[in-house]
Amino acid sequence: MSLNLTKPNSSFTLCSFLFLVILVVIGLYTVHHLPRNPKNALLFRQLFLSSATNYTVSSYLRSLTSHPHLAGTKPSLETIHYVKTHFQNLGLETHTVPFRTLLSYPLHASVSMHFSNGTVFNLPLNEMGISNYDVSSGLIQPYHAFSPSGTVQGKVVFANHGTEDDYGVLGRMGVKVSGCIVMVKKGDSLGRGAVVEIAEKMGALGVLLYAEGDVSRGSFGFGVERGTVMKGVGDPLTPGWAGVEDGERLELDDNKVAERFPGIPSLPLPFESAQLILESLRGPLAPQRWRDSGRSNLSRVGPGLVMVNLTYEGEKKLATIYNVFAVIRGLEEPDRYVLMGNHRDAWTYGAVDPNSGTAALLDIARRYALLMRKGWKPRRTIIFCSWDAEEFGMIGSTEWVEQNLVNLGAKATAYLNVDCAVQGPGFFAGATPQLDNLIFEVTKKVKDPDSEVATIYDKWKTMNGKSNIERLTGVDSDFAPFLQHAGVPSVDIYYGRDFPVYHTVFDSFNWMINNADPFFWRHVAVAGVWGLLGLHLADDPILPFDYLSYAEQLQEYTDTLGRVLDASISLIPLAASIQELTSAAKQANDETKNLMALELTDGLIALKIRALNDRLMLAERGFLDTDGIKGKEWFKHLIYGPRSNHRSELDFFPGISDAIAESTRMSGRDRDATIQHEIWRVARAIQRAAAALRGEVI
């Protein structure tokens, strides 16, 4: 299907007219460098919005998705060159940073059914209509990166989504999974790595994982989801330090490395192949809710009479990955950084994941370059970041954060992430709470792509009943090392909750234009929000952070804990520390109002603004703890981060959440002491943040 980008749009002609008007106005104001004042800042933001075109974004995406570009493969070098050249052609200061890291590729895989009469049937593992999988071409067969090589054979048990609760249901039915191959249906927000980890703990020989897809949304029903099963983030050979060319590396058989990988093999299956195995199962009837939750013909949970052989052979090898950066130096505060990042590598063609975000990032760079030609220079330095090897476990971004940890801790004001910019309809945002109000204000300025007159904020509020900003608790994109390891305030935005061709060969330009965003107005909208956030954070004299929102969010979390825990656990330490943060936040807000009412060109006032900005920037670092989250010590943030215990139910305070889950196996006294200790740790972290915001030592 050809893409017709000339479809009439009622706002297009008006936007073009406004664009010309703004160019004329800015031309009248411009000599060489405009004086920095609110009126000029507003003009540049208007110019940024009016210079958007859906055509440029679509052309970027078409080029980016012309071939597969899995990290570490030869075709990925062409994508690196495309992004780097784009930045250079805009006149931006551009460079690449290589890392030498461990990646994982498949060599051979097979799954076969062995019947009692001696018949053997080899199940198809490829996606429908695809036969030319080849590492050299960049199109890799479906596999799980970092799965161990091996052959296992056994009967199959269906474990629903593979949660510990699902195994509990099987146990109560008298079904044992030990010594069996487990089949799991993707769902319940449990990552594939966690699925394999739990199955291994339950004694399974191996795991077969399938996704049902959504034919109504263009999944074709034939895609197979690739992905990593490695635990944690970053290069496993350089845990905690950057994987530079001649740097220290652990050996592959080192215990610290080996514990990052599963001990049992796993593979993704096409839906049709999974169906054949499911239909062969015997044993107890599956619970009704398991049978009603999808389109598979599930009847019984197994085991059956058929033996299944799972064979996987892969290789783990060192490969060079490349992060690409473009820098716009700040005029007044060049040593304060606003980072805008997206990963570039994809399992296949990557139209949604991640290159819808890459296309938006390239278009923001184009529009910022236009502003620069009209006299704009940001107050703070802006760094565009194009990450490599995210799909293998946020490797590119993690290695760079580890390499630059001290500088980021002292100089990074915020990290703005977009991964899959457009997956479908509906705007979503995740952020640390001090950025909530800025997101609300920016979304009021950007037109909703699916409405004639409404803004994104209007539509967002109508859709959800409120403008709900999610929190960055997961480890599912490149914000994780910035927030959860370095303590940098972060944002993640996207259109569409999910998409049915995730990590499959059908995540292509054709799928995008036929399903998610035919005319690329959603891409334009994401770039509008993302770019305006960057302009405010780079240009506003005082950083637009409001820690009252953070304190209110922390109080909500504490209230939830109060409903979960009994009276033997004291929440007084949390309440007291939140009160301190609230007081410090009010003081910072009052100081902001007072300073903004003064003449900002005065040297003494400039110093006071600089000091306030440093406190606003550094407060987030207070939530870090050097000991990290128990069991996941690399993750230092005690408010937002991954949970070590898969039974943890709270999506905040990961240490407290894990302690509650683990305490069910403890005596009363030990239980209370374990939870109380984690509460004290969080309380001290909040106190550190409050002290940083006040800028005082005790």
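It should be emphasised that the depicted structure is a prediction, and the values quoted were computed from it without experimental measurement.
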Do [X] and [Y] have a side chain donor and acceptor closer than 3.5 Å?
X      : Y      : answer
Asn417 : Tyr415 : yes
Asn117 : Thr119 : yes
Thr79  : His81  : no
Gln141 : Tyr105 : no
His69  : Glu78  : no
Asn309 : Thr311 : yes

Min side-chain heavy-atom separation [X]-[Y] under 4.5 Å:
X      : Y      : result
Thr101 : Leu318 : no
Val184 : Leu208 : no
Tyr494 : Asp419 : no
Leu483 : His637 : yes
Pro268 : Arg226 : no
Val175 : Pro284 : yes
Trp511 : Tyr349 : no
Thr151 : Leu310 : no

Does [X] pair with [Y] as a salt bridge, N-O distance under 4.0 Å?
X      : Y      : answer
Glu164 : Lys201 : yes
Lys630 : Asp658 : no
Glu470 : Arg497 : yes
Asp651 : Arg471 : no
Arg344 : Glu391 : no
Lys231 : Glu259 : no

- Message: Determine whether Ile395 and Asp388 satisfy the following criterion, side-chain contact (heavy atoms from CB on, under 4.5 Å), listing intermediate values before the conclusion.
- Response: CA-CA 7 Å; Ile395 291 179; Asp388 205 352; over 6 Å; no
- Task: For Leu281 and Val301, run side-chain contact (heavy atoms from CB on, under 4.5 Å): C-alpha distance rounded to whole Å, both residues' side-chain angles, the deciding distance at 0.1 Å, then the answer.
- Result: CA-CA 6 Å; Leu281 298 183; Val301 297; 5.8 Å; no
Shortest non-hydrogen separation from [X] to [Y] and the atoms involved:
X      : Y      : answer
Gln403 : Ala242 : CB-CB, 3.6 Å
Leu638 : Pro654 : O-CD, 3.4 Å
Gly430 : Leu472 : C-CD2, 3.7 Å
Leu205 : Pro265 : O-CD, 3.5 Å
Ala199 : Val207 : CB-CG2, 3.5 Å
Pro287 : Val169 : CG-CG1, 3.8 Å

Say whether, by atom type as modelled, one donor and one acceptor occur between the side chain of [X] and the main chain of [Y] under 3.5 angstrom.
X      : Y      : result
Glu390 : His343 : no
Asn404 : Trp400 : yes
Arg282 : Ser280 : yes
Ser657 : Phe653 : no
Asp507 : Asp353 : yes

- Could you check Thr320 against Arg100 for side-chain hydrogen bond (donor to acceptor under 3.5 Å, both in side chains), going step by step and ending with a plain yes or no? CA-CA 5 Å; Thr320 302; Arg100 193 79 173 153; 2.8 Å; yes
Rounded to the nearest 0.5 Å, how far apart are [atom1] of [X] and [atom2] of [Y]?
X      : Y      : atom1 : atom2 : value
Leu269 : Gln275 : CG    : CD    : 11.5 Å
Ser663 : Ile675 : OG    : CD1   : 3.5 Å
Ser299 : Leu278 : OG    : CG    : 10.0 Å
His485 : Trp634 : NE2   : CH2   : 5.0 Å
Ser147 : Leu267 : OG    : CG    : 6.5 Å
Phe121 : Ser273 : CZ    : OG    : 7.0 Å

- Item | Verdict with supporting geometry, Ser178 and Met202, side-chain contact (heavy atoms from CB on, under 4.5 Å) | CA-CA 6 Å; Ser178 181; Met202 296 297 173; over 6 Å; no
- Task: Could you go through the side-chain contact (heavy atoms from CB on, under 4.5 Å) check for Tyr133 and Ile140 one step at a time?
- Result: CA-CA 5 Å; Tyr133 295 116; Ile140 310 295; 5.9 Å; no
- Query: Relative to Phe261, does Lys316 satisfy both conditions: NZ or CZ under 6.0 angstrom from the six-membered ring centre, and within 45 degrees of the ring's axis?
  - Reply: yes
- Query: Residues in side-chain hydrogen bond (donor to acceptor under 3.5 Å, both in side chains) with Thr238, at least two apart?
  - Reply: Asp235, Glu399
- Message: Using salt bridge (charged side-chain N to carboxylate O under 4.0 Å, His left out), reason through Arg192 and Glu225 one step at a time and then give a plain yes or no.
- Response: CA-CA 10 Å; Arg192 72 187 68 80; Glu225 180 186 309; 2.9 Å; yes
- Query: Can you name the one residue among Lys632, Lys636, Arg681 that meets salt bridge (Lys or Arg N to Asp or Glu O under 4.0 Å) with Asp625?
  - Reply: Arg681
- Message: The criterion is side-chain contact (heavy atoms from CB on, under 4.5 Å); which residues satisfy it with Lys84, sequence neighbours excluded?
- Response: Gln88, Thr94, Thr96, Val324
- For Ala145, which residues count as a side-chain contact (heavy atoms from CB on, under 4.5 Å) partner, sequence neighbours excluded? Ser104, Tyr143, Thr228, Trp347, Phe392
- Task: Check the pair Tyr502, Phe499 against ring pair (Phe, Tyr, Trp, His ring centres under 6.0 Å), reporting the backbone distance first and the verdict last.
- Result: CA-CA 6 Å; Tyr502 175 70; Phe499 65 110; 5.8 Å; yes
- Message: Let's go through Asn342 and Thr358 carefully: what are the C-alpha distance in whole Å and the side-chain angles of both, what is the deciding distance for side-chain hydrogen bond (donor to acceptor under 3.5 Å, both in side chains) to 0.1 Å, and is it a yes or a no?
- Response: CA-CA 6 Å; Asn342 157 267; Thr358 312; 2.5 Å; yes
- Before giving the answer on side-chain hydrogen bond (donor to acceptor under 3.5 Å, both in side chains), spell out for Asp166 and Thr163 the whole-Å C-alpha distance, their side-chain angles and the decisive distance to 0.1 Å. CA-CA 5 Å; Asp166 289 332; Thr163 67; 3.1 Å; yes
- Item | Phe325 and Trp387 aromatic ring geometry - parallel, tilted or perpendicular at 30°/60° bounds | perpendicular
